[in-house]
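What follows is a short report on a single structure.
Being a predicted model, the structure only gives us computed values, none of them experimental.
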Amino acid sequence: MRIITLHVDGLEQAVKNGLYTWLAGADADVVAIQNLKAKEYQLSDDVVYPEGFNAYFFDAEADGYSGVAILTKDVPKAIMTGIGHPEWDLQGRFIQADFDHVSVASVLFPAVDEHNTLEDKLGFQKVFLEHLQKTRRKRREFIFCGNFEAAHKTVDIQDWEAAQNEPGFLPQERAFLDQVFGPVGYIDAFREANFGETQFTWWPDAESARRNLNGWRKDMQICTPEIRQYVVEARIENNLKFGQHAAVMIEYEFDEE
């Protein structure tokens, strides 16, 4: 199962810039997309109905903001939207596709911006951590894909010393990831197959990206520990014409059927 996660700066614009053309050759089974910046009914038909995929969307209440989608080659057994917290579900931050033995989700963490404060972001981290703890008690495997709006370790950010006081690399944000990959028991799937340095998925602006400066690895796929043995390849598709984020592609060598 090949899974791609990608944060776009508006799905309609990303498709106009060739996103679906690129996906047609990427041979992905599941694609998790974040930051649609449009409601489903506002998207054109060629965006809502991508060739070769079944597409599912979860909109934000506000116009031009947030929203997540998941594209699947096979029809899932079920689609779940939201994590049961209206405050966050109204921002369109979570959608999950359930297959026979594994669930794959697309999640978008809040940034510190005009919509959310640092306290809001930390609140979402707390709620999501509780969600992860609940999933560990279920008899199935999970892969959560998305923009976590934080880098975990110093290897995941180019200029980590300068970023220690910036949202996205604050001690309390990194402590959340310590919990995810520690006591809660989830695995950073990318690092199971790719140990390279300068593996970044986000840059503060296009010029930084072109020069490969100020990179961060904010976009991840995290999985339940039983899946780690099936991670065989992990790479970053460093093509920024769809936004400021690069796509993360991970190959899981298990047959969902």
Side-chain angles (χ1 to χ4, degrees), residues 3-7 32 34-35 68 83 93-94 104-113 116 118-133 135-136 142-204 208-209 212-229 231 233-238 243-250 252:
I3 301 177
I4 293 174
T5 184
L6 175 63
H7 175 119
Q34 303 89 42
N35 202 27
V68 289
I83 54 176
R93 297 197 173 276
F94 185 91
V104 183
S106 179
V107 57
L108 174 62
F109 278 64
V112 177
D113 56 16
N116 291 292
L118 176 61
E119 288 70 26
D120 294 329
K121 182 180 180 181
L122 297 176
F124 183 83
Q125 287 184 335
K126 180 176 182 294
V127 165
F128 193 71
L129 192 67
E130 294 169 354
H131 182 75
L132 293 179
Q133 291 167 331
T135 62
R136 289 303 314 278
F142 290 85
I143 302 171
F144 294 99
C145 311
N147 174 15
F148 284 67
E149 275 298 338
H152 185 206
K153 298 182 178 180
T154 55
V155 71
D156 297 321
I157 181 169
Q158 195 161 25
D159 191 2
W160 66 269
E161 291 181 325
Q164 291 181 89
N165 295 318
E166 293 184 29
F169 203 62
L170 298 173
Q172 54 269 52
E173 295 174 285
R174 297 173 64 196
F176 157 73
L177 292 171
D178 288 339
Q179 289 290 310
V180 171
F181 301 129
V184 180
Y186 270 78
I187 305 300
D188 184 346
F190 183 83
R191 287 304 185 191
E192 289 299 305
N194 190 321
F195 305 100
E197 297 183 355
T198 66
Q199 299 296 297
F200 305 129
T201 65
W202 176 82
W203 296 262
S208 294
N212 200 27
L213 298 173
N214 304 320
W216 299 49
R217 188 170 71 93
K218 289 183 173 185
D219 304 81
M220 292 182 275
Q221 296 184 27
I222 68 171
C223 63
T224 42
E226 290 77 7
I227 292 179
R228 71 189 308 170
Q229 62 185 311
V231 180
E233 183 183 3
R235 67 181 188 268
I236 294 169
E237 297 291 330
N238 191 3
Q244 291 175 247
H245 292 248
V248 178
M249 181 184 295
I250 299 183
Y252 301 86

Original post:
Should L118 and V112 be marked as a side chain to side chain contact (heavy atoms under 4.5 Å, CB included) after you check the CA-CA gap, both sets of side-chain angles, and the distance that decides it?
Top reply: CA-CA 6 Å; L118 176 61; V112 177; 4.2 Å; yes
Notebook entry, point to check: Hey, mind stepping through H7 and D219 against side-chain hydrogen bond (donor to acceptor under 3.5 Å, both in side chains) and telling me if it holds?
Noted result: CA-CA 8 Å; H7 175 119; D219 304 81; 5.0 Å; no
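Under the side-chain hydrogen bond (donor to acceptor under 3.5 Å, both in side chains) criterion, E149 pairs with N147, K218, not counting sequence neighbours. Applying the salt bridge (charged side-chain N to carboxylate O under 4.0 Å, His left out) criterion to D188, with sequence neighbours excluded, gives R217. Here Q199 pairs with F190, R191, N194, I236 under the side-chain contact (heavy atoms from CB on, under 4.5 Å) rule; sequence neighbours left out. Looking at residues two or more places apart in sequence or on another chain, you find a side-chain contact (heavy atoms from CB on, under 4.5 Å) between K126 and E130. Not counting sequence neighbours, H131 has no partner by the side-chain hydrogen bond (donor to acceptor under 3.5 Å, both in side chains) test. Applying the side-chain hydrogen bond (donor to acceptor under 3.5 Å, both in side chains) criterion to D120, with sequence neighbours excluded, gives T117. Partners of R93 by salt bridge (charged side-chain N to carboxylate O under 4.0 Å, His left out), not counting sequence neighbours: none found. A search for side-chain hydrogen bond (donor to acceptor under 3.5 Å, both in side chains) contacts involving E226 returns nothing, not counting sequence neighbours. Evaluation of the side-chain contact (heavy atoms from CB on, under 4.5 Å) rule for A193 yields V231, A234 as partners, not counting sequence neighbours. Every residue meeting the salt bridge (charged side-chain N to carboxylate O under 4.0 Å, His left out) condition with R235, not counting sequence neighbours, appears here in chain and number order: E233, E237.
Side-chain atoms of R228 never come within 3.5 Å of backbone atoms of E192 as a donor-acceptor pair (strictly under, hydrogens ignored).
Side-chain contact between H245 and N35 is absent, with no heavy-atom pair separated by less than 4.5 Å. When side chains are defined from C-beta on, F124 counts as touching V107, because their heavy atoms get closer than 4.5 Å.
For the pair T5 and M220, the tightest heavy-atom approach, listed with the atom from each and the gap, is CG2-O, 4.1 Å. Closest heavy-atom contact between V155 and E197: CG2-CG, 4.1 Å. The shortest non-hydrogen separation linking R136 to V184 is NH1-O, 2.7 Å. Minimum heavy-atom separation, W216 to A151: CE3-CB, 4.0 Å. For the pair C223 and I143, the tightest heavy-atom approach, listed with the atom from each and the gap, is CB-CG1, 4.0 Å.
For the atom pair CD1 of I187 and CD1 of I227, the computed distance is 10.0 Å after rounding to the nearest 0.5 Å. Taken from OG in S106 to CD1 in I4, the straight-line distance is 12.5 Å, to the nearest 0.5 Å. Atom NZ in K153 sits 10.5 Å away from atom CG in L177 (nearest 0.5 Å). Here Q244 contributes atom CD and W203 contributes atom CH2; the two are 10.5 Å apart, rounded to the nearest 0.5 Å. Here OG1 of T135 is found 11.5 Å from CD1 of I83. Values are rounded to the nearest 0.5 Å.
Residue pairs meeting the ring pair (Phe, Tyr, Trp, His ring centres under 6.0 Å) criterion with at least one partner in residues 159-186, sequence neighbours excluded, are F109-F176, F144-Y186, H152-F181. For the salt bridge (charged side-chain N to carboxylate O under 4.0 Å, His left out) condition, the pairs that include at least one residue of residues 157-175, sequence neighbours left out, are K121-E173.
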